[in-house]
Amino acid sequence: QVQLVESGGGLAQAGGSLRLSCAASGRTFSRYGMGWFRLAPGKEREFVAAISRSGGITPYADSVKGRFTISRDNAKNTVYLRMNNLKPEDTAVYYCAASNSIMQPTTDSSYDYWGQGTQVTVSS
């Protein structure tokens, strides 16, 4: 069992940056593949980025590739999402998720634990 708590959301201007953090409880954080998803009004939940247990593999959605960076610090039980060059279409609630899979899945059905979400709003 793992509990996830996101933080770092807020309001940013287009072209600006934010860094989201997701703190995990428990002592087995390094056993989980981690992912970030987002949910915008009127849309389905969307994969953003994932990271393998060791941090060596990091798939991204095409819409954020080159602008967002996912990373993790297993010593701090935390995964991060650095978001640069933000666009209004990045506005959404961002969720952190943990997967028991040995891989770093890109589909939400592969994740076992979810945080409560943090709102990101990008103004034009």
- Message: Would the distance check show the side chain of Thr118 and the main-chain N or O of Gly9 forming a donor-acceptor pair, the cut-off being under 3.5 Å?
- Response: yes

- Can you tell me how far CG of Asp112 sits from OG of Ser101, rounded to the nearest 0.5 angstrom? 8.5 Å

- Item | Thr78 side chain to Asp73 side chain, donor-acceptor N/O pair below 3.5 angstrom | no

- State plainly whether one hydrophobic cluster holds both Ile70 and Phe47, where clusters connect Ile, Leu, Val, Met, Phe, Trp and Tyr through side-chain heavy atoms under 4.5 angstrom apart. no

- Distance from Trp36 atom CH2 to Cys96 atom SG, nearest 0.5 Å? 5.0 Å

- Item | Separation of Asp108 CG from Glu44 CD (nearest 0.5 Å) | 9.0 Å

- Query: Could you state the interatomic distance from OG1 (Thr106) to OH (Tyr111), rounded to the nearest 0.5 Å?
  - Reply: 7.5 Å

- Query: Arg82 side chain to Arg67 main-chain N or O, any donor-acceptor pair under 3.5 Å?
  - Reply: no

- Message: Is there a side-chain contact between Tyr80 and Arg72 in this structure, where contact means two heavy atoms from C-beta onward sitting under 4.5 Å apart?
- Response: no

- Message: Looking at Arg31, I want to see if its CZ is surrounded by more than 12 non-hydrogen atoms of other residues, nucleotides or ligands under 6.0 Å.
- Response: no

- Look at atom CD of Gln3 and say whether more than 12 heavy atoms of other residues, nucleotides or ligands are closer to it than 6.0 Å. no

- Decide yes or no for Ser63 and Glu46: does some side-chain heavy atom of the first lie under 4.5 Å from some side-chain heavy atom of the second? yes

- Between Lys65 and Asp62, is there a salt bridge with N-O shorter than 4.0 Å? yes

- Message: Give me the atom names and distance for the closest heavy-atom approach of Gly10 to Leu18.
- Response: O-CD1, 4.0 Å

- Query: Under the side chain to side chain contact (heavy atoms under 4.5 Å, CB included) criterion, do Met34 and Leu4 qualify, and how do the steps go?
  - Reply: CA-CA 11 Å; Met34 301 296 296; Leu4 304 171; 4.0 Å; yes

- Task: Taking the side chain as every heavy atom from C-beta outward, state whether Arg38 and Val64 have any pair of such atoms under 4.5 Å apart.
- Result: yes

- Message: According to a hydrophobic-cluster definition based on side-chain heavy atoms being under 4.5 Å apart (Ile, Leu, Val, Met, Phe, Trp, Tyr only), do Tyr113 and Tyr95 belong together?
- Response: no

- Message: Tell me if a side-chain donor or acceptor on Asn74 pairs with a main-chain N or O of Arg53 at a distance below 3.5 Å.
- Response: yes

- Item | Euclidean distance, Phe68 CZ relative to Tyr60 OH, rounded to 0.5 Å | 10.5 Å

- Do Met83 and Val120 come within less than 4.5 Å of each other through their side chains, counting heavy atoms only? yes

- Message: Looking at every non-hydrogen atom in both residues, tell me the closest pair between Ala14 and Ser124 and how far apart they are.
- Response: CB-CA, 4.2 Å

- Item | Verdict with supporting geometry, Val79 and Ile51, side chain to side chain contact (heavy atoms under 4.5 Å, CB included) | CA-CA 9 Å; Val79 62; Ile51 189 166; 4.1 Å; yes

- Task: Please check if Val48 and Val122 belong to a single hydrophobic cluster, counting links between Ile, Leu, Val, Met, Phe, Trp and Tyr side chain heavy atoms closer than 4.5 Å.
- Result: yes

- To the nearest 0.5 angstrom, please state how far the CD atom of Gln119 sits from the CG atom of Leu39. 9.5 Å

- Short side-chain to backbone donor-acceptor contact, Ser99 and Ser110, under 3.5 Å: yes

